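Reading through the structure tokens given below for one structure.
Just so it is clear, the model here is predicted, and its values are computed rather than measured. Position 1 is the first residue of the sequence; numbering continues from there.
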Amino acid sequence: MTRTIVVITPKDIQRIMGYCYKTAGRIHRRIRQFVGKRPGQLITIDDFCTFTGLTHENVETLLNDD
């Protein structure tokens, strides 16, 4: 069974982009502001892709590689 990741965390941003955790947290907050979500609302892969311009398939591949 394959897992499906829907929500992006700063740790995921760190894995995808290679930034340190603190920078990934800043990017996570900027994505939330960019898509108009309030603090506490979850950031989805679609939100992340809209902000970065990466494709959904590429992001899923990077997140599912263990």
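Side chains of Leu62 and Asp12 form no contact here, defined as non-hydrogen atoms less than 4.5 Å apart. For the pair Cys49 and Val59, the minimum side-chain heavy-atom distance is below 4.5 Å.
Other residues, nucleotides and ligands contribute more than 12 heavy atoms inside 6.0 Å of the NZ atom of Lys37.
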Can you give the donor-acceptor pairs under 3.5 Å from side chains of residues 18-27 to other protein atoms, not counting sequence neighbours?
none

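From Ile31, atom CD1 reaches atom CD1 of Ile8 across 7.5 Å, with rounding to the nearest 0.5 Å. Rounding to the nearest 0.5 Å places CD1 of Ile45 at 11.5 Å from OG1 of Thr50.
Side-chain atoms of Asp47 come within 3.5 Å of backbone N or O of Thr44 as a donor-acceptor pair. With hydrogens and angles ignored, the 3.5 Å screen pairs no side-chain donor or acceptor of Arg32 with any backbone N or O of Ile43. The backbone N or O of Arg30 lies less than 3.5 Å from no partner atom in the side chain of Gln33, so there is not a single donor-acceptor pair. Looking only at distances, a side-chain donor or acceptor of Asn64 sits under 3.5 Å from a matching main-chain atom of Glu60.
Between the side chains of Asn58 and Thr61, no donor N or O sits under 3.5 Å from an acceptor N or O.
Within the structure, the ring pair (Phe, Tyr, Trp, His ring centres under 6.0 Å) test picks out the following pairs touching residues 22-55 (sequence neighbours left out): Phe34-Phe51.
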